[in-house]
Amino acid sequence: MNVQPLLENGQFLAMSRQQPELFSHPIIFTLKDETQVTITSPGVIQFIPNNEYQRSIVLSCGVHGNETAPIEICDDLVQDILCGRLSLRQPLLVLFANLPAMDIAERFVEENMNRLFSGAHSQETQGIKSNIERLRAAELEQSVVDFYQAVNSSEKWHLDLHTAIRESKNEKFAVYPFLHGQPWSQQALSLLLACGINTILLSNAPTTTFSYFSSHQCGANAFTVELGKVKPFGGNDMYDFQQLIDTLRTWLCQPVIELKDFNEDDFEIFKIHQIINRQQTDFKLNFADDTPNFSDFPVGYVLAEESSTQYIVTEKGESIVFPNAKVALGQRALLTVVPTKIDENII
Ligand SMILES: [Zn+2]
């Protein structure tokens, strides 16, 4: 393939969406600053700079195809690198995850991709064995593993960037995957704070999300990062994300990044209290559709109900996150969280 147009316009995402056949075979080339670029498939692009580096960084976006802000942030970043406007010091893998879902401006085509990692893509559920999301989840897992192996740096990172379906009282927040009792990282939380994210949701169990995969299988500092509310392509005010964009660029292009010392008072930390799955077709949520994430309800309030079951607030300060009554049967329709402290389990 002639890579010249890619170096001139940097339109890797647009070419991946409009002419995926261009990237049906791996392509390797070198930028002016000697960064090696490897494209392994449409939407999968890796950069390894020709210098000593400290950390390998994975940025993924578009796991949900209609979550446009992270896709635009990563698209700008890739364009700037390809066109020579930005010179990396740290290896970077960028994953534009669900290209067909972007094309139809939907969250997914067949199935929620962020429930298909850690091997879930290969487990038959409700008669589904294979679809484009499952094939892609397997491919993305492999590209993360291959990238960390190729770079072989001691620090591994993965930020899986999303936007939420609804408004949030805490506009930006990160989900910290379950660490199986390992300590949380002060450095990682300080980096998130520098990105403008001070709300952290501690996960309490293994999941099939992309960030849990990188955390658990690859030992990465990995997070699901929620950046605000879903808007159509071009409808995002990039000013809302400037702190994140600036911090990411410094983190990628400098040997060290100055971070504020960790202080728990800078954060709002929550832990998961209830996971409410939709079991019946008559499942309904007892609050308005536009209720923001992190809204709290009084003890005893019936948050949701379905035949024979009511889901009730049991703790003071219990707040809702990710409500979605329309999920498939058996899937998570609502999380509740309660404020918590990180205590001493942090390094
Ligand atoms: Zn999402």
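Every number for a ligand or one of its atoms is a count from 1 in the order of the listing.
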- Message: I need the single residue from E124, E111, H121 that forms a side-chain hydrogen bond (donor to acceptor under 3.5 Å, both in side chains) with R134. Which is it?
- Response: E111
- No-hydrogen, no-angle side-chain donor-acceptor test under 3.5 Å, E141 and Q217: no
- Message: Under 3.5 Å, is there a donor on one side chain and an acceptor on the other for N50 and E34?
- Response: yes
- Task: Restricting to N/O/S, name the atom of H64 that gets closest to the Zn ion (ligand 1).
- Result: ND1
- Query: Below 2.8 Å, any N, O or S contact between E67 and the Zn ion (ligand 1)?
  - Reply: yes
- Message: Nearest 0.5 Å, please: how far is OG1 in T336 from CZ in F270?
- Response: 11.5 Å
- Any idea which N/O/S atom from H162 gets closest to the Zn ion (ligand 1)? ND1
